[in-house]
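The next block holds one structure in the form of structure tokens; read it before the comments.
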Amino acid sequence: MRHFLTLKDFTKEEILEIIALGLEIKKSLKAGKFNKELENKTLAMIFEKSSTRTRVSFETGMFQLGGHALFLSNRDIHLGRGEPVKDTARVISRMCDMVMIRTYAHSMIEEFAKYSKVPVINGLTDSYHPVQLLADYMTMVEYGVHENAVVAYVGDGNNMTHSWLFLAAKLGFELRVATPKGYEVDSDVLREAMEMAKLSGAVIRVCNDPKEAVKGATIVTTDTWASMGQEDEKEQRVKDFAGFMVNDLMMCLAQKDAKFLHCLPAYRGQEVSEEVLESHADIVFGEAENRLHAQKGLMVWLDKQRG
Ligand code: CP
Ligand code: NVA
């Protein structure tokens, strides 16, 4: 049995296999065919943070695969009143076939997985957002921009950045990360990614200059400057991130026809300008839609591992 907690636990072949499976399922859905691979199965979805895409994509995906998804906010279940994670894991995993969790500390999801009898999927923690990266790479494949990709991530060194680091390190593409001083990526994550990059041939660079990162990039991406749980820091961050907005001037430094990706929700006028977001709306909302297809691939793949 496998859990999906971070991309570092997966090989390049496995990541590509999950994405290929998602693309196959997407193709049949578009042809009006519903694959009922998860008939009679249930997915428990524990949300300790807000969500639009993650909730809608997992719930819809599970329904389309013939199964059922339970939305469990921590306001509704005893976890939010102090029932231990290990007890919650043992109860839920005796009734459900898979669990998706969105929470704060990554250690919570690791503890849950330790006690769970069924696969656990990371639907975002403070440290990582691996399901988003499955959708992002699927989108790169669909737009034919995955080969020789040079990805520039401009913004906060956060859960998205850490997952980009692992994706690049596993798949072997070039990733340049530009963060303001004081908002760099976690040094342990960077060290691990650098180690993995030695095997895959990935080129990983970190700096504090967005222009340096974006110069000649084929894909530019960013994320909110204040993630969930950092609402109190918003005002300070807006000041500290001055010069980090992905706008037309910034996109001009990238390769001609460079693509823009954003996991959403986007804060126009902060990490991205209205013009950049709207002129890349097709790929950005395609990326959001791919959350559904990539995660269907993931759930079917995880279910198959259980035999
Ligand atoms: N990108 C993403 O995970 O969106 P939600 O927070 O809406 O789920
Ligand atoms: N970094 C953001 C991602 C939202 C999908 C957050 O954690 O809030």
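Note that ligands are numbered from 1 as they come in the structure, with each ligand's atoms numbered from 1 the same way. Quick note: residue numbers are just sequence positions, from 1. Values reported hereafter were calculated over all heavy atoms of this structure, with side chains retained and with hydrogens, waters and symmetry mates removed.
Figure legend: K170 and F10 shown without cation-pi pairing, the cationic atom not lying both under 6.0 angstrom from the six-membered ring centre and within 45 degrees of its axis. Stacking of K296 on the aromatic ring of F58 is not recorded, the 6.0 Å distance cut-off and the 45° axial limit not both being met.
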Ligand 2 polar-atom proximity to protein (N/O, under 3.5 Å):
| from | atom 1 | to | atom 2 | distance (Å) |
| --- | --- | --- | --- | --- |
| ligand 2 | 1 (N) | N158 | ND2 | 3.4 |
| ligand 2 | 1 (N) | N159 | OD1 | 2.8 |
| ligand 2 | 1 (N) | D223 | OD2 | 2.6 |
| ligand 2 | 1 (N) | S227 | OG | 2.7 |
| ligand 2 | 7 (O) | N159 | ND2 | 2.8 |
| ligand 2 | 7 (O) | S227 | OG | 3.4 |
| ligand 2 | 8 (O) | M228 | N | 2.8 |

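Residues satisfying the salt bridge (Lys or Arg N to Asp or Glu O under 4.0 Å) criterion with K198, sequence neighbours excluded, are E195.
The side chain to side chain donor-acceptor pair (under 3.5 Å) analysis of residues 21-30, with sequence neighbours excluded, yields the pairs K26-E142, K26-N290, S28-N35, K30-E289.
Hydrophobic cluster membership is shared by M299 and F47, with clusters built from Ile, Leu, Val, Met, Phe, Trp and Tyr side chains linked at under 4.5 angstrom.
A centroid separation of less than 6.0 Å is found between the aromatic rings of Y128 and H106.
With 3.5 Å as the limit, one finds no donor-acceptor pair spanning the side chains of T139 and E287. Residues N158 and D223 have side chains that bring a donor and an acceptor to within less than 3.5 angstrom of each other.
A distance limit of 4.0 angstrom between heavy atoms and ligand 1 selects the residues S51, T52, R53, T54, R102, H129, Q132, C263, L264, R291.
When I19, V145, I283 are each tested for a side-chain contact (heavy atoms from CB on, under 4.5 Å) with M140, only one passes: V145.
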